[in-house]
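Written out below as structure tokens is the structure these notes cover.
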Amino acid sequence: MATTTRVPQTIDAYLAAVSDPAAKKTLSALRTQLRKLLPKATETISYQMPAFKVDGNIVVGFAFFKNNCGFYPGSGSVVPALKSELEGYTTSKSGVTFPPDEPLPAKLVKNLVQVRLAEIATRAKKPAAAKKAPAKGFQVGVVRTLPMSAPELWEWITTQPERWLGPGATLKAKAGGRYEAPKRRGAPGVRGEVRVVKPGQRLRMTWETDGWKKPATLQLTVTPKAKGASLHVHMEKLPDAEVREAMRERWSKVLARVA
């Protein structure tokens with residue numbers, strides 16, 4: 001991400017730290033449009049990116065990475081719902097990426113926001129359905145093939161926790177070991193216990209963070225590929241759907257930075 005290593009506290013600070021002129025212009029214009037579309041929204045920094053919240057729900061977030069801008073509705077259902085309108089764009093279940101000098105059309109942004117708002121309104125009318133979850137709670141998985149060998153990737157995970165857990169993180173990569181990443185502005189602190197270590201292949205641990213009643217489970221799996229190695233990040237026992245999507249965005253950004 002083309003920002004300073006210190007996490008910005010406001011959207012103004014985030015945009016000021018974007019060094020790419022085209023990206024800064026595009027994201028500033030996007031912010032202006034979102035303000036018009038969401039006049040009652042709260043602007044915030046959530047998971048290190050600018051976001052707009054309505055009634056406590058993230059409607060949309062946006063960001064700039066090395067070469068692309070990203071637009072992230074606060075749900076994994078919005079992008080699939082507008083599949084035909086997003087043809088030609090690079091998409092994932094959680095968002096859309098596009099070149100800094102090719103902003104998303106205003107109409108497309110409006111449609112993405114409207115679908116997300118409709119989803120929030122529907123969920124508000126059916127709270128029981130929103131809370132329903134499988135026995136293992138809400139789950140999410142993110143996988144990406146990275147340009148390094150499996151041994152190199154395993155060493156990166158076990159010896160450089162600050163690269164995927166955050167600045168100041170510590171990790172004892174052995175069964176019974178502890179890890180911790182301190183709280184930062186825009187991101188809560190996390191901690192937990194390493195439960196399973198299969199050297200070179202799998203690391204499984206609890207995931208405890210402020211505000212959660214019960215810990216979740218995080219598993220990192222390394223798989224050799226013809227060109228590089230894949231890293232599969234899987235979380236389960238998440239408290240709700242909103243946290244699930246937030247975790248999807250978090251790990252998607254982590255893997256994008258590594259790639």
If you compare all heavy atoms of [X] against all heavy atoms of [Y], which two are closest, and at what distance to 0.1 Å?
X    : Y    : value
R257 : K66  : O-NZ, 3.8 Å
G189 : R191 : O-NH2, 3.7 Å
A63  : Y72  : CB-CE1, 4.4 Å
F64  : P100 : CE1-CG, 3.8 Å
K172 : V194 : O-CG2, 3.5 Å
A229 : S149 : CB-C, 3.9 Å

| query | Given V243 and D240, is the side chain to side chain contact (heavy atoms under 4.5 Å, CB included) satisfied, shown in steps? | reply | CA-CA 6 Å; V243 170; D240 56 47; 3.3 Å; yes

Any donor-acceptor pair under 3.5 Å linking the side chain of [X] with the backbone of [Y]?
X    : Y    : answer
D20  : A22  : yes
Y47  : R250 : no
Y179 : V190 : no
E180 : A169 : no
E245 : E242 : no

| message | Holding to side-chain hydrogen bond (donor to acceptor under 3.5 Å, both in side chains), I want the full list of residues that pass it with E119, two or more places apart in sequence or in another chain. | response |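 Here the qualifying residues are S75, S77, R116.
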
With rounding to the nearest 0.5 Å, note down the distance linking [atom1] in [X] to [atom2] in [Y].
X    : Y    : atom1 : atom2 : value
M247 : M235 : CE    : CE    : 6.0 Å
F138 : E236 : CZ    : CD    : 13.5 Å
L165 : T170 : CG    : OG1   : 8.5 Å
L231 : W156 : CG    : CH2   : 7.0 Å
L30  : K25  : CG    : NZ    : 14.0 Å
E102 : C69  : CD    : SG    : 10.5 Å

So, do [X] and [Y] sit near enough that their side-chain heavy atoms are less than 4.5 Å apart?
X    : Y    : value
E85  : N111 : yes
T26  : F62  : no
P239 : K214 : no
V140 : L238 : yes
V196 : L203 : no
L108 : Y89  : yes
Q219 : R202 : yes
L218 : T206 : no

| task | Decide whether Y14 and F98 are clustered together by the hydrophobic rule: side chain heavy atoms of Ile, Leu, Val, Met, Phe, Trp, Tyr closer than 4.5 Å, transitively. | result |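 Yes: a chain of side-chain contacts under 4.5 Å links Y14 to F98.
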
| said: Count I, L, V, M, F, W, Y as connected when their side-chain heavy atoms are under 4.5 Å apart, and connections chain through other members. Are I58 and I120 then in the same cluster? | reply: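 No, no single cluster joins them.
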
| field | For S92, side chain to side chain contact (heavy atoms under 4.5 Å, CB included) partners two or more places apart | value |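 Only S94 meet the side chain to side chain contact (heavy atoms under 4.5 Å, CB included) criterion with S92.
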
| task | Using the test side chain to side chain contact (heavy atoms under 4.5 Å, CB included), find all partners of K225 that sit at least two apart in sequence or belong to another chain. | result |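 Listed in chain order: T145, T223, S230.
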
| message | So for atom CG, which belongs to D12, do other residues, nucleotides or ligands contribute more than 12 heavy atoms lying within a distance under 6.0 Å? | response |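 Check passes, neighbour count above 12.
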
| Taking everything shown except E162 itself, do over 12 heavy atoms lie less than 6.0 Å from its CD? |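 More than 12 within 6.0 Å, yes.
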
| Test: E193 and R204 ion pair at under 4.0 Å |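 Salt bridge: no.
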
Distance-only criterion, 3.5 Å: show the donor-acceptor pairs between side-chain atoms of residues 35-46 and protein atoms not counting sequence neighbours.
residue: R35; atom: NE; partner: E43; partner atom: OE2; Å: 2.5
residue: R35; atom: NH2; partner: E43; partner atom: OE2; Å: 3.3
residue: E43; atom: OE1; partner: R31; partner atom: NE; Å: 3.1
residue: E43; atom: OE1; partner: R31; partner atom: NH2; Å: 2.8

| Relative to each other, are the rings of W164 and W251 parallel, tilted or perpendicular (30° and 60° limits)? |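 Plane angle between 30° and 60°, so tilted.
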
| said: Using the side-chain contact (heavy atoms from CB on, under 4.5 Å) definition, which of the options V78, V59, V60 pairs with L112? | reply: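 Single pass found, and it is V78.
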
| task | Can you sort out the partners of R244 under salt bridge (Lys or Arg N to Asp or Glu O under 4.0 Å), two or more places apart, ordered by chain and number? | result |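 If we apply the salt bridge (Lys or Arg N to Asp or Glu O under 4.0 Å) test to R244, skipping adjacent residues, there are no hits.
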
| message | Run the salt bridge (Lys or Arg N to Asp or Glu O under 4.0 Å) test against E249 and tell me which residues pass, sequence neighbours left out. | response |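 So E249 forms no salt bridge (Lys or Arg N to Asp or Glu O under 4.0 Å) with any residue.
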
